Amino acid sequence: MTTPRDIALSYLAAFSSGNPEEVAAHVTKDFQNNQMGVFGSCFSGRDLYLERLKGYLSSFRNLHYTTEDVIVDGNKVVIAYHMTAENNQQPLNIKGVMIITTTDGLVSIRSDYWDGLTYLKQTGIGL
């Protein structure tokens with residue numbers, strides 16, 4: 001049996017593949033993506049998520065999430081993470097927290113709280 005923890009960790013690991021289809025295969029058809037950072041946006045739907053993943057994964061090369069802490073409450077998983085990637089050949093190191101809700105073996109809701117100020121400083125945008 002796959003647990004909500006396993007589902008959430010597999011979802012995060014899929015980002016390292018760089019393959020949008022592999023990441024999107026982890027989410028429900030009516031998936032809700034809630035980006036809560038400075039540049040965040042919220043939307044629903046696996047098809048739209050797949051389209052946005054293509055740009056995101058091509059912009060954030062060598063993307064990897066390192067899990068720092070995991071809390072599970074029923075079908076909800078809270079993951080404190082450290083994300084590393086390259087954006088326009090700038091190395092990125094950003095901390096954040098995702099709250100992931102699982103439904104029927106897939107991710108149905110992701111709310112991602114991340115440090116947008118660190119992103120701006122590391123990329124030199126507007127600072």
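Being a predicted model, the structure only gives us computed values, none of them experimental.
Within the 4.5 Å cutoff, no side-chain heavy atoms of I99 are placed close to those of N34. Between L92 and T123, the closest side-chain pair of non-hydrogen atoms falls below 4.5 Å. The shortest side-chain heavy-atom distance between Y49 and V23 falls under the 4.5 Å cut-off. N93 places a side-chain heavy atom less than 4.5 Å from the side chain of Q122. By the 4.5 Å heavy-atom criterion applied to side chains, L57 and L63 are counted as neighbours.
Ring geometry, Y65 versus F15: the interplanar angle exceeds 60°, so the pair is classed perpendicular (tilted spans 30 to 60°). Aromatic ring pairs are classed by plane angle as parallel below 30°, tilted from 30° to 60° and perpendicular above 60°; the pair Y56 and F60 is tilted.
Note: the hydrophobic cluster containing M83 also contains L9 (ILVMFWY, side chain heavy atoms under 4.5 Å, direct or indirect links).
Among the candidates L12, V78, V107, the single residue satisfying the side chain to side chain contact (heavy atoms under 4.5 Å, CB included) test with M98 is L12.
Side-chain atoms of H82 and T66 form no donor-acceptor pair, as typed in the model, at a separation below 3.5 Å.
The cationic atom of R52 (NZ for Lys, CZ for Arg) lies less than 6.0 Å from the six-membered ring centre of F43 and within 45° of the ring axis.
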Verdict with reasoning, Y81 to D112, per side-chain contact (heavy atoms from CB on, under 4.5 Å): CA-CA 10 Å; Y81 65 82; D112 190 4; 2.6 Å; yes
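Counted within 6.0 Å of CD on E86, heavy atoms from surrounding residues, nucleotides or ligands total more than 12; the atom is thus considered enclosed.
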